[in-house]
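Report on the following structure.
Each chain gets a letter, A, B and so on, in the order its sequence line appears, and its residues count up from 1.
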Amino acid sequence: MSDPTSGSGIPYRFDPTTTAAAVEAEYGGLTDGEETGVVVTVAGRLMLRRDQGKLAFGDLQDATGRVQLFALQRSTADFEGFTGLHLGDWIGVTGEVIKTRRGELSIRVDSWVRLAEARRGFPDKWHGMTDVDTRFRQRYVDLWVTEESRAAFVARSQIMSATRRWLEDRAFIEVETPVFHPIPGGALARPFTTHHNALDLDLYLRIAPELYLKRLTVGGFERVFEIARVFRNEGLSTRHNPEFTMLELYQAYADYTDIMELVEQLVAHLATEVCGTTKLTYDGRELDLSVPWRRATLLELLAEHGGLIVDLDTSRDELVRLCEEHDIPVKDHYGPGKLILELYEKTTEPELWGPVFVTDYPKEVSPLSRDHRDQPGWVERFEGIVAGRELCNAFTELVDVDEQRARFEAQEAEKVAGDVEAMAVDEDYLRALEYGLPPTGGLGIGMDRLVMILTGTKTIRDVILFPTLRPEQ
RNA sequence: GGGUCGCUAGCUCAACUGGUAGAGCAUCGGACUCUUAAUCCGCAGGUUCGGGGUUCAAGUCCCCGGCGACCCA
């Protein structure tokens, strides 16, 4: 044990006494040339080095920021070794906090140790890493050299943490439900399939945790939430990754108007926590998340933006004609509700910036929502549109078991007719409903999109550490 | 799925109408006692994404394939 580094020169542990940010916070006010007599130890990655003969300067970056290192041949141990370090090497440094004559807060290096060697050259120290594909494939490099990238993931962590606290403060409990589902359900999407060998059972990766969370409400958990990774077998785009994160929550005794208030308050709270304000700019446009958000029915917005005055009693011929006018492919089994939704998605949704709650959807396209209390053929459901993106989907939950069975069977018929996104009948879920689901409001929020909005990033890959990519070879 | 653009040294990028593939940074060697993307001198670094074709000659033109970006459906 005479050599504590055991030959490699790399120690097994290291004890920094402070961080770059803490040094700056405590000693940033020193006058030029001032010395503190305070010796600190920091650790991080060497990002820049400026050799100056018998002097050398370096920039050390740790998780909190950067601080300059100041080494002298006269007083720094193994000065030649220090000037031989590679950019990107991890080092630990001990020395006195000073401000140089030229006014740069620095640590004057007494001793140092290499904590890791960067065998591969770091990206251009000025331009960094610009190829987005390489940034995603080599996130371990991107995080060091791209400040905005690091900041987005720190913000993501804060958003997740603040969301949990906010919900727990309101008596919600966090649960974990299965990722493997024998019957995919809770959303209209294609699932991934897998197989359990011991049970010789085909299973599906969940497309939503909804039906399990409502089983828990039946079980007496009156307020539950899950931050769930979900999986949808769809294409990739700036807004879609095959695996993404949904916050789902269920609140007994609430309806969709209660959920609207919950969403706008939660999002405004998160904006304040992370951005310090509810008045943001996204993609060059103003976005005011201040409470309350506008509420408008899907039909009202369809009239306002699409100029289409229609309803469920509009003749099918007329709805089909309007769809054809807007280049929307129509299938024979589409009813008026589906046709109206298609018209809305084509003519109106792209025009919405928000925040706005689009309320009241056709029953035909909402198999898990409760019938509207006043409007036959419609359900109590809303989507929140924020920064032109569909941020959330929520409804007054369907609690009537007979009605739920009928909706499932209608979905099953569509699946048989070839709709790969349609739902199947889930008998166990129906059995749960037979034990009684109280009036309940439910919500799903796309957390990746929320993080995008609050960090000002433009693609979902900027907020997912390791997005799904084609293999390199 | 369709269209457009891109892929050149470890990184960031050049190379006019086809004519010996270059620079900056990083790396390596050297100089330099207050730098801030330090500066200066020097060495080295390439299957130009892959395959085929046209041509005396292809990074460049044509075809097929791979990967990506943007736009559209």
Side-chain angles (χ1 to χ4, degrees), chain A residues 20 23-24 28 30-35 45-61 65-76 79-89 95-109 114 117-147 149 190 233-241 283 323-331 342-343 345-347 349-350 388 420 457-462 467-473:
Chain A
V23 169
E24 169 63 33
L30 297 182
T31 58
D32 295 358
E34 187 174 352
E35 304 186 355
R45 213 188 267 274
L46 185 67
M47 301 301 285
L48 291 172
R49 198 183 63 244
R50 298 173 289 282
D51 291 344
Q52 189 78 39
K54 297 186 174 66
L55 300 179
F57 299 89
D59 287 3
L60 185 81
Q61 179 175 313
R66 289 192 182 193
V67 63
Q68 176 166 274
L69 305 177
F70 178 33
L72 299 91
Q73 188 177 51
R74 172 161 53 82
S75 63
T76 298
F79 179 80
E80 286 69 31
F82 185 85
T83 59
L85 287 168
H86 291 179
L87 297 191
D89 282 351
E96 180 180 344
V97 179
I98 63 157
K99 185 163 270 187
T100 61
R101 295 207 290 266
R102 300 291 284 269
E104 185 73 25
L105 182 66
S106 306
I107 293 169
R108 191 172 56 205
V109 182
R114 185 153 70 174
E117 178 187 2
R119 289 200 194 182
R120 288 175 177 265
F122 250 40
D124 188 283
K125 63 189 178 187
W126 183 245
H127 298 96
M129 186 173 265
T130 59
D131 181 65
V132 292
D133 184 54
T134 309
R135 287 182 45 217
F136 302 146
R137 289 187 194 279
Q138 301 185 31
R139 186 69 89 181
Y140 34 85
V141 180
D142 177 49
L143 289 171
W144 277 102
V145 300
T146 314
E147 167 66 30
S149 182
R190 288 184 79 157
N233 208 336
E234 296 163 355
L236 295 87
S237 78
T238 55
R239 299 181 189 193
H240 299 87
N241 196 63
D283 205 9
C323 282
E324 285 167 352
E325 199 175 295
H326 289 95
D327 295 322
I328 299 167
V330 173
K331 291 179 181 162
E342 291 283 329
L343 287 167
E345 287 181 347
K346 177 79 176 192
T347 66
E349 200 174 62
V420 293
T457 46
K458 293 190 187 61
T459 96
I460 196 168
R461 293 175 170 192
D462 286 329
T468 304
L469 301 167
R470 273 199 176 81
E472 285 180 82
Q473 287 175 343

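Straight-line distance from the CZ atom of A:Arg50 to the C1' atom of B:rU33: 15 Å, rounded to whole Å. Across the protein-nucleic acid pair, A:His127 atom NE2 and B:rA23 atom C1' stand 12 Å apart, rounded to whole Å. Residue A:Arg74 contributes atom CZ, which lies 12 Å from atom P of B:rU33 at whole-angstrom precision. Distance CG (A:Leu48) to P (B:rU27): 11 Å, rounded to an integer number of Å. Atoms CG (A:Asp59) and P (B:rA37) sit 8 Å apart, rounded to a whole Å. For the pair A:Arg120 CZ and B:rA9 C1', the computed distance is 15 Å after rounding to whole Å. Following rounding to the nearest Å, A:Arg119 (CZ) and B:rU27 (C1') show an atom-to-atom distance of 15 Å. In this structure, the CZ atom of A:Phe57 is 13 Å from the P atom of B:rA37, given to the nearest Å.
Separating the C1' atom of B:rC72 from that of B:rA14 is a span of 33 Å, rounded to the nearest Å. Comparing the C1' positions of B:rG45 and B:rC5 gives an interatomic distance of 30 Å, to the nearest angstrom. As rounded to the nearest Å, B:rU54 and B:rC61 have C1' atoms that lie 8 Å from one another. With P as the reference atom, B:rA38 and B:rC28 are 15 Å apart, rounded to whole Å. Between B:rG42 and B:rU36, the distance separating the two C1' atoms is 25 Å to the nearest Å. For the P atoms, the distance linking B:rC40 with B:rA21 amounts to 28 Å, nearest Å. Separation of the P atoms belonging to B:rA57 and B:rA73 is 46 Å when rounded to the nearest angstrom. When the P atom is used for both B:rU60 and B:rG18, the distance is 12 Å, rounded to whole Å.
With a 4.5 Å cut-off on side-chain heavy atoms, A:Ile98 and A:Glu35 count as touching. In this structure, A:Arg49 and A:His86 have side chains that are not in contact, with every pair of non-hydrogen atoms separated by 4.5 Å or more. Between A:Leu105 and A:Val97 there is a side-chain heavy-atom pair separated by less than 4.5 Å.
Across all strands shown, B:rG24 forms a Watson-Crick or G-U wobble pair with B:rC11, both key distances being under 3.5 Å. Across all strands shown, B:rA69 forms a Watson-Crick or G-U wobble pair, both distances under 3.5 Å, with B:rU4. Pairing partner, B:rA58: none, since no Watson-Crick or wobble contact has both distances short of 3.5 Å. In this structure, B:rU36 forms no base pair with any nucleotide, since neither Watson-Crick nor G-U wobble geometry is met with both distances under 3.5 Å. Judged by Watson-Crick or G-U wobble contacts below 3.5 Å, the nucleotide B:rG45 has no partner.
Within 4.0 Å of A:Thr130, counting heavy atoms only, lie sugar-phosphate atoms of the nucleic acid but no base atom. Note on A:Arg101: a base of the nucleic acid sits closer than 4.0 angstrom, heavy atoms only. Within 4.0 Å (heavy atoms only), A:Gly53 reaches at least one base atom of the nucleic acid. Within the 4.0 angstrom heavy-atom criterion, only backbone atoms of the sugar-phosphate kind lie near A:Gly128; the bases stay farther away. Using a 4.0 Å heavy-atom criterion, one finds that A:Gln73 contacts no nucleic acid atom at all. Backbone-only engagement by A:Arg49 is indicated by non-hydrogen atom pairs under 4.0 Å involving sugar-phosphate atoms exclusively.
Judged by distance alone, the side chain of A:Thr76 and the main-chain N or O of A:Phe79 form no donor-acceptor pair under 3.5 Å.
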Letter per nucleotide, 5' to 3', of nucleotides 67-73 of chain B [B base touched, S only sugar-phosphate touched, - untouched; heavy atoms, 4.0 Å]: SSSS---
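The residue among A:Gly58 and A:Leu85 whose nearest nucleotide of RNA chain B is located toward the 5' end is A:Leu85.
For a distance-only test at 3.5 Å, the side chain of A:Glu104 qualifies as a donor-acceptor partner of the base of B:rU36. Residue A:Asp124 places a side-chain atom within donor-acceptor reach of the base of B:rG24, judged by atom type and a 3.5 Å distance cut-off alone.
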Side chains of residues 117-125 of chain A: which donor-acceptor pairs under 3.5 Å do they make with residues two or more places apart or in other chains?
residue: A:Asp124; atom: OD1; partner: A:Trp126; partner atom: N; Å: 2.9
residue: A:Asp124; atom: OD1; partner: A:His127; partner atom: N; Å: 2.8
residue: A:Asp124; atom: OD1; partner: A:His127; partner atom: ND1; Å: 3.1

Please evaluate residues A:Leu236 and A:Arg461 with respect to the criterion side chain to side chain contact (heavy atoms under 4.5 Å, CB included), reporting the C-alpha separation (whole Å), side-chain torsions for both, the decisive distance (0.1 Å), and the verdict. CA-CA 10 Å; A:Leu236 295 87; A:Arg461 293 175 170 192; 3.4 Å; yes
Check step by step if side chain to side chain contact (heavy atoms under 4.5 Å, CB included) holds for A:Arg139 and A:Ser149. CA-CA 9 Å; A:Arg139 186 69 89 181; A:Ser149 182; 3.5 Å; yes
Side chain to side chain contact (heavy atoms under 4.5 Å, CB included) evaluation trace for A:Phe136 with A:Asp462: CA-CA 8 Å; A:Phe136 302 146; A:Asp462 286 329; 3.9 Å; yes
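Residues meeting the side-chain contact (heavy atoms from CB on, under 4.5 Å) test with A:Val420, sequence neighbours left out: A:Arg190. With sequence neighbours excluded, the residues satisfying ring pair (Phe, Tyr, Trp, His ring centres under 6.0 Å) with A:Phe57 are A:Phe70. The side-chain contact (heavy atoms from CB on, under 4.5 Å) search around A:Arg66 returns A:Met47, A:Leu48, A:Asp59, A:Gln61, not counting sequence neighbours.
Taking both residues in full, the closest heavy atoms of A:Gly103 and A:Asp32 are given as CA-OD1, 3.2 Å, listed atom of the first, atom of the second, then distance.
Phosphate proximity of B:rC28 to A:His86: present, with a side-chain N or O under 4.0 Å from OP1 or OP2.
Nearest nucleotide to the side chain of A:Trp126, out of B:rC34, B:rA26, B:rA37: B:rA37.
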Which protein N or O atoms sit under 3.5 Å from an N or O of nucleotides 39-44 of chain B?
none

